[in-house]
Amino acid sequence: DQQVKQNSPSLSVQEGRISILNCDYTNSMFDYFLWYKKYPAEGPTFLISISSIKDKNEDGRFTVFLNKSAKHLSLHIVPSQPGDSAVYFCAASSSNTGKLIFGQGTTLQVKP
Amino acid sequence: DAMVIQNPRYQVTQFGKPVTLSCSQTLNHNVMYWYQQKSSQAPKLLFHYYDKDFNNEADTPDNFQSRRPNTSFCFLDIRSPGLGDAAMYLCATSSIPRGDYNEQFFGPGTRLTVL
């Protein structure tokens with residue numbers, strides 16, 4: 001069973017517009033959520049995280065929203081830039097395990 | 001720069017021939033992880049070391065073994081690779097107290113091909 005799902009394999013947006021990447025999870029024990037970005041031929045790099053005690057965390061152009069009742073989180077990138085083109089992975093963790101469960105990723109393409 | 005290094009970046013092996021993948025870190029992190037990622041799938045945790053304590057995932061095949069001789073190095077041994085083991089293998093590290101969480105730092109991965 002897939003506990004973390006990213007249902008959109010790909011997303012294409014115009015430069016300067018908003019990119020919204022979505023992630024759903026099923027395990028109510030998850031209490032920490034992260035987004036990673038991955039460029040080709042590189043490992044994933046940490047982007048932003050959010051604890052389950054919050055519903056929003058912002059870092060520059062990146063904002064993560066958490067809706068616990070819907071078991072849904074989203075990553076907003078505003079404004080999108082061509083350099084943001086990459087694969088974005090959502091990941092979830094529970095404090096009693098410390099392990100990350102990843103979604104399958106969404107490929108974002110930002111067109112100039 | 002502190003980092004996670006994986007060698008080799010590309011590994012080709014023959015069906016059934018043992019292979020070892022290497023990971024080293026200069027971050028002095030206490031936790032090291034090995035993930036398997038197949039094309040268009042989520043990275044899947046194989047096992048991790050919390051300091052010297054080895055933690056195997058329940059569904060990790062016995063074919064996969066790991067060694068952590070010291071804080072800096074961790075190895076993934078595949079005893080008899082099958083065609084289904086062809087994948088990207090990612091090493092990650094983290095600095096976390098037990099029962100807590102923190103972001104993981106990933107190496108660039110080793111792409112394994114099995115002929």
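Each chain gets a letter, A, B and so on, in the order the sequences are listed, and its residues count up from 1.
Side-chain contact check for B:Gln37 versus A:Lys38: some heavy-atom pair is nearer than 4.5 Å.
The cluster map of Ile, Leu, Val, Met, Phe, Trp and Tyr, joined by side-chain heavy atoms under 4.5 Å apart, puts A:Leu73 and A:Phe30 in the same cluster. Taken together through direct or relayed side-chain contacts under 4.5 Å among Ile, Leu, Val, Met, Phe, Trp and Tyr, B:Trp34 and B:Phe105 form parts of separate hydrophobic clusters. Follow the hydrophobic side-chain contacts under 4.5 Å out from B:Val31 and you never reach B:Leu46; the two are in separate clusters. B:Tyr50 and B:Phe106 fall within the same hydrophobic cluster, defined by Ile, Leu, Val, Met, Phe, Trp and Tyr side-chain heavy atoms under 4.5 Å apart, directly or through other members. The hydrophobic cluster containing A:Tyr32 does not contain A:Trp35, counting ILVMFWY residues as joined when their side-chain heavy atoms lie under 4.5 angstrom apart, directly or transitively.
The two residues A:Gly103 and B:Pro43 make their nearest non-hydrogen contact at O-CD, 4.0 Å. When every heavy atom of A:Gly43 is checked against every heavy atom of B:Leu90, the shortest pair comes out as CA-CD2, 4.5 Å. Among all heavy-atom pairs drawn from B:Glu103 and A:Phe46, the shortest one is CB-CD1, 3.5 Å.
For B:Glu57, the part lying under 4.5 angstrom from a heavy atom of chain A is the side chain only. For a residue to count as touching a neighbouring chain, one of its non-hydrogen atoms must lie under 4.5 Å from one of that chain's; by this rule A:Tyr36 touches chain B with the side chain only. Heavy-atom distances place both the backbone and the side chain of B:Gln104 under 4.5 Å from chain A. When heavy atoms are compared at a cutoff of 4.5 Å, A:Leu100 approaches chain B by way of both its backbone and its side chain.
Heavy-atom neighbours of B:Asp59 CG from other residues, nucleotides or ligands within 6.0 Å: above the threshold of 12. By the neighbour-count criterion of 12 heavy atoms within 6.0 Å, atom NZ of A:Lys5 is sparsely surrounded, having that number or fewer from other residues, nucleotides or ligands. When the shell of 6.0 Å around CZ of B:Phe73 is examined, it contains 12 or fewer heavy atoms from other residues, nucleotides or ligands. Counted within 6.0 Å of CZ on B:Arg67, heavy atoms from surrounding residues, nucleotides or ligands total more than 12; the atom is thus considered enclosed.
A donor-acceptor pair is defined here as one N or O able to donate and one able to accept, closer than 3.5 Å; such a pair exists between the side chain of B:Arg9 and the backbone of A:Ala41.
Close approach to chain B, defined as a heavy atom under 4.5 Å from one of its heavy atoms, is seen in no residue of residues 6-15 of chain A.
Centroid-to-centroid, the aromatic rings of B:Tyr35 and A:Phe102 come within less than 6.0 Å.
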